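Let me begin by presenting the structure, written as structure tokens, before commenting on it.
None of these values were measured; they are calculated from a predicted model.
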Amino acid sequence: MPTLRRPRITLPTTTAPAAPPTKLPLPALLALATAVFVTSLTETLPAGLLPAMSADLGVSESAAGQTVTVYAVGTALTAIPLTAATAGWRRKKLLLAAMSGFAAANTVTAVSENYTLTMAARFVAGVAAGLAWALLAGYARRMAPAHLQGKAIAIAMAGIPVALSLGVPAGTFLGKVLSWQVAFLVMTGLTVGLLAWIAALVPDQPGQKPGGAKTPMPHALRVPGVTPVLFVTLVFVLAHTVLYTYIATFLDELGMGGSTDLVLLVFGAASLVSIWIVGALIHRRLRALTLTSVLLVGVGAAVLAAFSDSPALVYVAVTLWGLGWGGAPTLLQTAAGDAADKGDAADAAQAMLVTLWNVAMAGGGVFGGILLDLAGTSSFPWTILLLLIPVLLAVAAARRNGFPARTPGNPA
């Protein structure tokens, strides 16, 4: 008698949706931090190399300072349109494209002996920065659980103080010992290594879905809190850039030109301390940290204005400046993201922040060059003080939205 077999019933299988992240993906976030390092150092590296660059390119130091300006102009002009044009791209593909642009632009800068070609390469680097900066903060946020998003941004933005504390002094040292061209070639080598790191360890994220709703810029500006954050970004970055772009020239006038790399090292080390403090406290103390940041930069500028004839007090001032400035990018990115999330305008707000940041960088280079030619370097600290007054007032006034005493997820 044949054996009856029960028919095997195959139940349909379903793929469970990917669980949200529960911890920080450190290797990926460190790759983003290195990308931030590359963008920041590419932008600010000329600050420690202006005398050598101006001599080799046959232009004045104020003209050489415009290599920072044109970089910022490239970013400011392209951040918003490129962000819109590439909204549907996979995030990893977009980041790889941006970093490839840096590798090409730094190589051309290193081998160029022509001022016009150098400026063109710096503009291209700025365009690559427009792509990178518009996605890096959001990329970091999406990799982390909600309660750790501020810390994820802090880790990614740590590339800025590392660039200031190690990159710019190291580049200045290489410029003295070898040449400024070698410093830019080293940047190319670092970027090539970073491309491999991103390809191997950074998880991909989708872009915006085709046909998805896009938040217009005017709508983002109407979201409570967004406008004060953007205003603070514009003026605070302008104040910082006026002096930082011409720091080598400023120190030359004080008889401290031989200590430029050491001064930048002190500034950057203080910035690292700042980013650590901000990363630890930003989820609970955004407002207090932002007010402290502005005040520290202001006190540092006041010391430079009144006591620049004392090398010891110059170092004190630079330390205060670094402590105030190091965490500022993280504070401003987080403030913009938190404010804009309430109106579903995060992407638009971040694109505008990147644009205004680089408008301020460009303005700082131009304005600083004008001040240098008309009033000399002694005018820089006083200018910073004047610019920080409306910044402080704007942060203080944005108590409910923008820089609130209570942050999302932390009502107390």
Least distance between heavy atoms, [X] atom then [Y] atom:
| X | Y | answer |
| --- | --- | --- |
| Leu291 | Ala396 | CD2-N, 4.1 Å |
| Leu286 | Pro404 | CD2-CD, 4.4 Å |
| Ser112 | Asn114 | OG-O, 2.9 Å |
| Leu41 | Met187 | CD2-SD, 3.2 Å |
| Ser378 | Ala375 | OG-O, 4.0 Å |
| Ala110 | Gln181 | O-CG, 2.9 Å |

Considering only heavy atoms from C-beta outward, does the side chain of [X] approach that of [Y] to under 4.5 Å?
| X | Y | result |
| --- | --- | --- |
| Leu304 | Leu243 | yes |
| Phe184 | Thr188 | no |
| Trp321 | Val303 | no |
| Leu30 | Phe37 | no |
| Phe403 | Val232 | yes |
| Glu253 | Tyr246 | no |
| Val237 | Leu356 | no |
| Leu32 | Leu95 | yes |

Exercise for the section: Quick one: sort the Phe267 and His240 rings into parallel, tilted or perpendicular, breaks at 30° and 60°. Expected result: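 Phe267 and His240: parallel rings.
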Handout entry: Set of residues satisfying side-chain hydrogen bond (donor to acceptor under 3.5 Å, both in side chains) with respect to Thr42, sequence neighbours excluded
Key =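 Partners of Thr42 by the side-chain hydrogen bond (donor to acceptor under 3.5 Å, both in side chains) criterion, ordered by chain and then number, come out as Asn106.
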What distance do [X] atom [atom1] and [Y] atom [atom2] have between them, rounded to the nearest 0.5 Å?
| X | Y | atom1 | atom2 | value |
| --- | --- | --- | --- | --- |
| Ser60 | Leu372 | OG | CG | 8.5 Å |
| Thr292 | Arg285 | OG1 | CZ | 11.0 Å |
| Leu117 | Thr109 | CG | OG1 | 8.0 Å |
| Leu296 | Leu388 | CG | CG | 11.0 Å |
| Phe367 | Phe380 | CZ | CZ | 9.5 Å |
| Thr116 | Leu57 | OG1 | CG | 10.0 Å |

Exercise for the section: Identify which one of Val273, Thr334, Thr330 satisfies the side-chain contact (heavy atoms from CB on, under 4.5 Å) criterion when paired with Val278. Expected result: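 The single option meeting the side-chain contact (heavy atoms from CB on, under 4.5 Å) with Val278 is Thr330.
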Handout entry: side-chain contact (heavy atoms from CB on, under 4.5 Å) partner of Thr383, the single match among Leu386, Leu385, Leu387
Key =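 That would be Leu387; it is the only one of Leu386, Leu385, Leu387 passing the side-chain contact (heavy atoms from CB on, under 4.5 Å) with Thr383.
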Practice task
I would like to know whether Val182 and Val177 meet side chain to side chain contact (heavy atoms under 4.5 Å, CB included); could you show each step before the answer?
Solution key: CA-CA 10 Å; Val182 170; Val177 175; over 6 Å; no
Donor-acceptor pair, side chain of [X] and main chain of [Y], under 3.5 angstrom:
| X | Y | answer |
| --- | --- | --- |
| Lys92 | Pro203 | no |
| Arg122 | Ala105 | no |
| Ser274 | Ala270 | no |
| Arg287 | Arg400 | no |

Exercise for the section: Could you note down all residue pairs passing ring pair (Phe, Tyr, Trp, His ring centres under 6.0 Å) where residues 106-125 supplies at least one of them, sequence neighbours left out? Expected result: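 For residues 106-125, and leaving out neighbouring residues, there are no ring pair (Phe, Tyr, Trp, His ring centres under 6.0 Å) pairs at all.
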Handout entry: Trp197 CH2: over 12 foreign heavy atoms closer than 6.0 Å
Key =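 Check passes, neighbour count above 12.
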Handout entry: Check against side chain to side chain contact (heavy atoms under 4.5 Å, CB included), Thr39 and Tyr71
Key = CA-CA 10 Å; Thr39 63; Tyr71 177 108; 4.1 Å; yes
Practice task
Begin with the C-alpha distance, continue with both residues' side-chain angles, and end with the deciding distance and a verdict on side chain to side chain contact (heavy atoms under 4.5 Å, CB included) for Leu323 and Thr319.
Solution key: CA-CA 6 Å; Leu323 287 172; Thr319 300; 4.2 Å; yes
Exercise for the section: Report the C-alpha separation of Val316 and Phe307 in whole Å, then their side-chain angles, then the decisive distance to 0.1 Å, and conclude whether the side chain to side chain contact (heavy atoms under 4.5 Å, CB included) test is met. Expected result: CA-CA 10 Å; Val316 170; Phe307 304 107; over 6 Å; no
